[in-house]
Amino acid sequence: MTEFVAANTFWGHILIGIAWFSLLVVLARNAVSVVQLLAATWAFARRIKPAPRSTDLWSKYEDLAPPVSVIAPAFNEELSIVDSVRALLALQYPSHEVIVVNDGSSDSTLATMIDAYQMVPTDRQQLVALQNTRILGVYASATHPNLLLVDKENGRKADAANAGIGFAQMPLVCVIDADSIIESDGLLRSTEPFMNDDGRLVAVGGAIRVVNGSAIRGGHIEAIGLSRKWLPRFQVVEYMRAFLTARVANAELGMLTLISGAFGIFKRSVVVEIGGYRHDTVGEDFELVMRIHRHMREQKRPYRIEFVPEVVCWTEAPETLPGLRNQRARWEQGALETLAFHRRMLCNPRYGRIGMVAMPLLVLEDLLGPPMELAGYLVIPICFFLGILSPELALAFLSLSFVFGTAISIATLALEEKQLRRTPNARDLARIALAALMENFGYRQINLWFRLQGMWRYLKKDNSWAAVPRVGFDRSNPTDKTVLPIAADRREGAPVPFKFVEEADINTDSEDGPDTVARSSAPSRAETGG
Amino acid sequence: MIFHISDLAMLVIAGSVAFALVMVVQMIVLLVRRYLQERRVIASRPQELAVLRELMKAVAGAGAGDIGEAPAFLAADPAVRLRAITHVLQMVRGADREALLRIADQTHVYDAALKDLNRGDRSRRVDALRVLEQIPSAASTDAMLATMGNDPSHDVRLEAATALARTGNLPKPTAVARMLELRTRPLTRLHEALFRSSAVKHTAELERMAADEKYVRIRHLLVEALGWSGDFGVLDALERHSSDPNPEVRCAALKSARRLEHPGAARWAIGLLLDPVDAVRIQAVQTCAKLNARDAVPILSSLISSSSWWVRTRAKEALDKLRPEQRVRADITGLRL
């Protein structure tokens with residue numbers, strides 16, 4: 001065997017090549033992590049911490065806060081929908097509406113909502129139809145004027161969010177997951193960048209934390225806690241690393257390519273302009289942000305996408321390995337789909353640092369990273385035992401994977417403790433630190449395996465766990481999308497259904513509709529991606 | 001000197017281990033610090049309560065504003081004193097408030113913040129401003145004004161301006177425009193808020209500035225702020241600005257008229273229903289509805305067939321409000337695909 005794979009044989013060369021490539025990929029990923037950590041530290045050191053300033057001003061001049069439509073897609077949420085909506089209605093914000101989109105639930109989500117909030121059919125009109133499925137009904141609440149319920153056929157989250165965006169009349173839309181728990185001042189904090197905006201800001205993401213272990217009542221977090229199980233604890237570390245280093249750094253460097261689907265705020269006009277979420281990907285949140293970048297850069301329009309490191313939203317992390325596998329495989333598949341959709345941007349100077357830096361880093365992280373690191377775990381020890389790789393190199397790989405990875409995780413936790421301090425007490429902090437130490441010994445490798453499964457699903461074009469039911473109509477035929485009357489000017493032979501007049505001529509700055517005149521020229525609907 | 005691969009590998013190993021060790025040590029330090037702080041917070045509660053009690057007594061006593069015999073207060077850490085004073089300041093008004101501000105001056109609780117205002121770190125200066133904002137005594141207001149006028153960072157100057165606005169000490173609008181370089185810098189909602197906060201106190205100056213070509217760039221902010229003055233005397237000025245060539249200014253005039261709710265503005269608001277710019281028409285529609293301008297109904301009816309979704313929608317809403325007995329059918333506005 002040893003002779004068969006001696007260093008100078010074909011198989012020897014192959015093994016050595018894989019080993020070296022794995023080592024380089026892991027080295028590169030760690031180098032990226034270090035740069036992100038440094039950039040995040042720099043951003044935190046320089047930033048002006050959020051203060052009562054905005055809240056004070058907004059409470060005094062409340063119509064200055066840009067009105068927000070909160071879009072909450074809901075599918076089979078009958079047990080939690082009432083509490084979730086109550087929490088959304090109670091958010092500290094001067095002017096927001098809540099649009100719940102019942103995405104063809106098979107349980108009694110719709111009836112529960114109608115009953116709990118005394119909802120009655122309304123003739124509220126959709127500004128634009130971005131969804132692929134039919135709207136079955138629209139309901140307004142007799143008790144809460146800022147609550148709207150849209151009932152539609154099932155079509156997955158992207159479709160439901162698109163339907164909600166179509167009904168949104170506020171200049172900003174906040175798209176959340178139905179099971180997201182928004183901090184009571186989360187909306188206020190995440191829209192703060194819009195108060196200082198000179199018109200270029202198009203989207204804001206916020207930090208999300210793992211809610212497992214916390215006490216929740218009525219859709220609110222009563223007491224922040226830490227799960228007793230290790231799997232959620234590892235994910236606490238992961239979320240911190242993702243939100244406090246990677247995204248803070250990427251936003252600082254103008255390369256933020258992902259705003260989590262659990263909570264994101266977008267300028268409605270821009271989302272409508274690009275056609276809303278894509279329906280044919282499982283990573284619709286990632287794809288949307290990438291398409292915003294692409295669209296704005298192709299249009300040569302100045303824009304910014306920002307990130308608020310304060311915790312604005314809490315989400316439940318999977319507590320079992322099958323649940324984690326589904327989630328991670330889906331994330332990986334979504335990332336690959338997005339990379340494939342926008343491959344033209346890769347290393348293309350037309351797209352600036354998104355094309356030249358962010359995209360290659362995504363290739364490193366999402367395409368090369370998982371298989372090469374896993375291959376390294378397999379091949380490097382084999383090469384070492386066969387005597388075709390020096391022990392120093394084998395140890396270097398292991399130290400990069402285990403030791404360096406641990407150091408990055410702990411550094412992130414230290415950053416959190418210094419800057420945000422949202423860990424409830426020293427004991428929980430110690431537990432998370434322990435999780436950070438252990439995370440690289442097993443959990444990291446399992447995750448890589450799940451991501452490989454996501455790659456496999458991408459190659460198979462497996463969409464089965466997130467299927468989009470088709471009802472046999474063509475998107476181009478608008479009459480198939482609704483059971484409500486079609487306006488005269490939208491019938492066959494009529495002019496183009498919507499002209500994005502608001503985007504062309506005006507910015508929508510108040511809940512009363514567009515109220516300021518834009519300075520830029522009219523964009524065209526160049527790319528919808530669909 | 002030639003490096004071998006194995007040397008580089010050893011370097012990677014050593015670097016990884018060193019990085020991990022440093023981070024672990026740092027984490028341990030942070031953990032211990034957190035633990036001690038939690039202990040300290042628990043231990044200091046009785047002292048903080050005693051400080052609060054003494055403070056309340058000093059504020060309400062015969063010699064209000066004299067901290068005199070207050071052993072717990074005088075012995076307390078400056079941070080504890082500051083916390084106590086800002087806490088009580090939120091609850092008292094009038095003479096009690098003045099007394100408390102005197103105590104703050106006497107005991108120099110915000111001296112550290114005053115020093116921080118002149119230090120290099122931008123975020124530290126902003127933190128200092130936030131402390132001073134909570135204790136709006138004469139000395140702290142002067143310091144905030146100086147920062148607003150002289151700080152090298154625009155963000156810090158803006159923060160100082162918002163702090164002064166919140167405490168009701170914002171300088172005149174001309175000074176705000178000069179200090180914040182509003183004739184050149186990008187305009188934001190915060191600038192709008194600043195002028196609004198000046199509206200009652202400086203109505204005449206805002207009106208003069210709005211008419212001055214020197215401030216044409218921020219005219220829409222100034223006109224919009226006039227609506228917050230509560231002074232019907234600005235209606236003539238608003239009417240003049242309703243024919244400004246800049247549609248943003250026309251929008252601002254309409255918003256101001258809407259805010260003032262004086263029916264006298266309806267005449268020119270109705271005229272703007274036929275403005276060539278959608279945004280202005282939308283504001284005009286909303287203003288007519290707010291001012292209950294029934295004379296606007298014929299034009300509003302024609303706007304139902306406007307090419308703009310927003311104009312149609314707002315016209316429908318206005319018509320439904322002005323003649324509730326004859327509601328407009330939603331599908332007529334042509335919105336749904």
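Numbered from 1 within each chain, the chains take letters A, B, ... in sequence-line order.
Interatomic distance, A:D123 CG to B:R327 CZ, rounded to the nearest 0.5 Å: 7.0 Å. Residue B:F19 holds its CZ atom at 4.0 Å from CD1 of A:I408, rounded to the nearest 0.5 Å. Taken to the nearest 0.5 Å, the CD1 atom of B:I28 stands 8.5 Å off from the CD1 atom of A:I410. In this structure, the separation between CG on B:L8 and CG on A:L393 is 9.0 Å, given to the nearest 0.5 Å. Once rounded to the nearest 0.5 Å, the distance linking CG of A:L37 with CE of B:M23 reads 7.0 Å. How far CG of A:L398 is from CD1 of B:I13: 8.5 Å, rounded to the nearest 0.5 Å.
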**Message:** Run A:L429 and B:L31 through side chain to side chain contact (heavy atoms under 4.5 Å, CB included) and show every step you take.
**Reply:** CA-CA 7 Å; A:L429 185 63; B:L31 263 170; 3.8 Å; yes
**Asked** Yes or no on side chain to side chain contact (heavy atoms under 4.5 Å, CB included) for A:I48 and B:R130, after CA distance, side-chain angles and deciding distance?
**Response** CA-CA 11 Å; A:I48 293 176; B:R130 287 171 184 163; 3.5 Å; yes
**Request:** Just do the side chain to side chain contact (heavy atoms under 4.5 Å, CB included) check on A:F397 and B:V12 with the steps written out, would you?
**Result:** CA-CA 9 Å; A:F397 175 80; B:V12 166; over 6 Å; no
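Summarising the geometry of A:F194 relative to B:R189, their closest heavy-atom pair is O-CD, 3.7 Å, with the distance given to 0.1 Å. Closest approach of B:W310 and A:R268 over heavy atoms only: CZ2-NH2, 3.0 Å. Closest heavy-atom contact between B:T188 and A:D198: CG2-N, 4.3 Å. Considering all non-hydrogen atoms of both residues, A:P424 and B:E38 come closest at O-OE2, 4.2 Å. Of all heavy-atom pairs spanning A:V403 and B:S16, the tightest one is CG1-O, 3.5 Å.
Among B:H191, B:R34, B:R124, the residue making the largest number of heavy-atom pairs under 4.5 Å with chain A is B:R34. Contact tally against chain B (heavy-atom pairs below 4.5 Å) for A:L437, A:L400, A:T406: the top residue is A:L400. Per-residue counts of heavy-atom pairs under 4.5 Å with chain B were compared for A:K418, A:R421, A:R47; the largest is that of A:R421. The most heavy-atom pairs under 4.5 Å with chain B, out of A:L27, A:L395, A:L23, A:V34, come from A:L395.
More than 12 heavy atoms of other residues, nucleotides or ligands lie within 6.0 Å of CZ in A:F402, so this atom counts as buried by the packing criterion. Other residues, nucleotides and ligands contribute only 12 or fewer heavy atoms inside 6.0 Å of the CZ atom of B:R39. Within a 6.0 Å radius of CZ in B:R33, other residues, nucleotides and ligands contribute more than 12 heavy atoms.
With a 4.5 Å cut-off on non-hydrogen atoms, B:R125 does not touch chain A at all. Looking at A:S409, neither its backbone nor its side chain comes within 4.5 Å of chain B, counting heavy atoms on both sides. Heavy-atom distances place no part of A:N30 under 4.5 Å from chain B, backbone and side chain included. Only the backbone of A:A45 comes within contact range of chain B, judged by heavy atoms closer than 4.5 Å. For A:A414, the parts lying under 4.5 angstrom from a heavy atom of chain B are both the backbone and the side chain. The parts of B:V24 that come within reach of chain A are both its backbone and its side chain, each placing non-hydrogen atoms under 4.5 angstrom from that chain.
Under 3.5 Å, the side chains of B:R312 and A:Q125 contain no donor-acceptor pair of N or O atoms.
B:R219 pairs by the side-chain hydrogen bond (donor to acceptor under 3.5 Å, both in side chains) definition with B:E213, B:D244, not counting sequence neighbours. Looking at residues two or more places apart in sequence or on another chain, you find no side-chain hydrogen bond (donor to acceptor under 3.5 Å, both in side chains) involving B:R217.
Using modelled atom types, one side-chain atom of B:R122 and one backbone atom of A:R46 make a donor-acceptor pair closer than 3.5 Å.
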